[in-house]
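This structure is in structure tokens; I'll ask about it shortly.
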Number of protein chains: 2
Amino acid sequence: MQIVPIGQAARLSGVKVTTIRFYEERGLLPKATRSEGNRRHYGPDDIARLQFIRHSRNLGFGLEDITALLSLSDKPDQDCAAVDAIAKAQMAKVDRRIEQLATLRAELARMVSACTHGTVADCGVIACLADHGLCQSDHAAAPAQTVMGD
Amino acid sequence: MQIVPIGQAARLSGVKVTTIRFYEERGLLPKATRSEGNRRHYGPDDIARLQFIRHSRNLGFGLEDITALLSLSDKPDQDCAAVDAIAKAQMAKVDRRIEQLATLRAELARMVSACTHGTVADCGVIACLADHGLCQSDHAAAPAQTVMGD
DNA sequence: CTACATCCTACAGCGACTAGAGGAGCAAGC
DNA sequence: GCTTGCTCCTCTAGTCGCTGTAGGATGTAG
């Protein structure tokens, strides 16, 4: 397994074929060398890089952060403070989100428990959605688009 | 405040002007009536509907779910089981995400604590990202795109 | 009458892919 | 040699829930 085509690289790294091509286009991977028939070749270093990316994605890092982390990992003599900063920022982001989701969960639970299992007219869930005054928490303070997404 | 233009509807409902137009296009709101000068008009019902949507969005519901909830709330005589199901599914979704994020957070914390504050070459963070074997948890089992996103 | 705010449409962009069309290359079996 | 079927190629468009911009029309206050 010295040099492999994209499909095998995908299997070895756990990154899908289309995603590998996407990463190349985005500059996270160097442009792959090609065979005579115009097919991409990958070596062990490329596989390692793909695994690095995949692992970072699994930890929730964005592609921009990953680009920074990759370029830092290519310069082993540098101070690793920048690495630390990126990781800590990511942790803070995750913390914030967990907090938001916990508030959300509490409100959803309260809402669901207000369901009378009767008709929609008496439904506590609908009533709560229709009138924020019926909520106890101030979850609505968070901008909607940041609640579930990035 | 009987009938108002879009800007005031936005202020009253907490939904941005552009977002209101977007919701109309998506069918979450009926097509607004227009003035002679082609401007949208909104009445109290429209404002209430917008508040319902905003509140639901704040609770993390997707637009598809909200469309369903709205159409259910328009039929007050129906059984509210469907409402309950949507709310419970949302709660389960939030639960799953909280769990994932907790795992993530733990792994990130472990990683950050492995930072030697020296050079990148010795950095525990980079080492961990490069080699998933250095991780204790199996967070990598989750598909990347679902970890932080919806 | 002139600023200025508000409104209109239409389209491009975000992040991180995913899916599909339409075609070419390649190995194995007949 | 030929067909079958898999892998690979490029390119485009779609996902979600908006946001931002361009370029114009309308409405109102001084």
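Being a predicted model, the structure only gives us computed values, none of them experimental.
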Q: Report yes if the side chains of A:Glu99 and A:Arg96 come closer than 4.5 Å at any heavy-atom pair, otherwise no.
A: no

Notebook entry, point to check: Below 4.5 Å, heavy atoms only, C-beta onward: do A:Phe61 and A:Ile86 meet side chain to side chain?
Noted result: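 Yes; the side chains approach each other to less than 4.5 Å.
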
>> Apply side-chain contact (heavy atoms from CB on, under 4.5 Å) to residues A:Val4 and A:Ile47 and explain how you reach the verdict.
In response: CA-CA 10 Å; A:Val4 298; A:Ile47 308 296; 4.3 Å; yes

Distance below 4.0 Å between B:Lys16 side-chain N/O and D:dT19 OP1 or OP2:
yes

Take B:Ser71 and B:Asp74 through the side-chain hydrogen bond (donor to acceptor under 3.5 Å, both in side chains) test and state the conclusion after the steps. CA-CA 5 Å; B:Ser71 94; B:Asp74 288 342; over 6 Å; no

_What's the angle between the local helix axes at either end of the helix from C:dC1-D:dG30 to C:dC30-D:dG1, using five pairs per end and rounding to 10 degrees?_
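Rounded value for the end-axis angle: 20°.
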
Checklist line | Carboxylate-amine/guanidinium contact A:Arg49 A:Asp45, below 4.0 Å | finding: no

Across all chains, not counting sequence neighbours, the side-chain contact (heavy atoms from CB on, under 4.5 Å) partners of B:Arg39 are B:Ser35

What's the verdict on side-chain contact (heavy atoms from CB on, under 4.5 Å) for B:Leu28 and B:Ile66, showing C-alpha distance, side-chain angles and the deciding distance? CA-CA 8 Å; B:Leu28 278 89; B:Ile66 296 174; 4.0 Å; yes

For C:dC17, does either OP1 or OP2 sit under 4.0 Å from a side-chain N or O belonging to A:Tyr23?
yes

B:Leu50 atom CG is separated from D:dC18 atom P, nearest whole Å, by 12 Å

Looking only at the side chain of B:Ser35 (C-beta and beyond, no hydrogens), which of the listed nucleotides D:dG27, C:dT18, D:dC18 gets closest?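 The closest nucleotide is D:dG27.
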
Does C:dA16 have OP1 or OP2 under 4.0 Å away from a side-chain N or O of A:Thr19? no

Length of the line joining B:Arg26:CZ and D:dT19:P, which is rounded to integer Å
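Result: 13 Å.
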
Q.
Let's see if you can work this out: which of D:dT19, D:dC18, C:dA16 has an atom nearest to the side-chain heavy atoms of B:Phe22?
A.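 The listed nucleotide nearest to B:Phe22's side chain is D:dC18.
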
Review point. Looking at A:Arg110 and A:Glu107, does any basic side-chain N land under 4.0 Å from a carboxylate oxygen?
Key: yes

Scoring nucleotides 4-12 of chain D by protein non-hydrogen atoms under 4.0 Å (B base, S sugar-phosphate only, - none) yields ---BSSB--

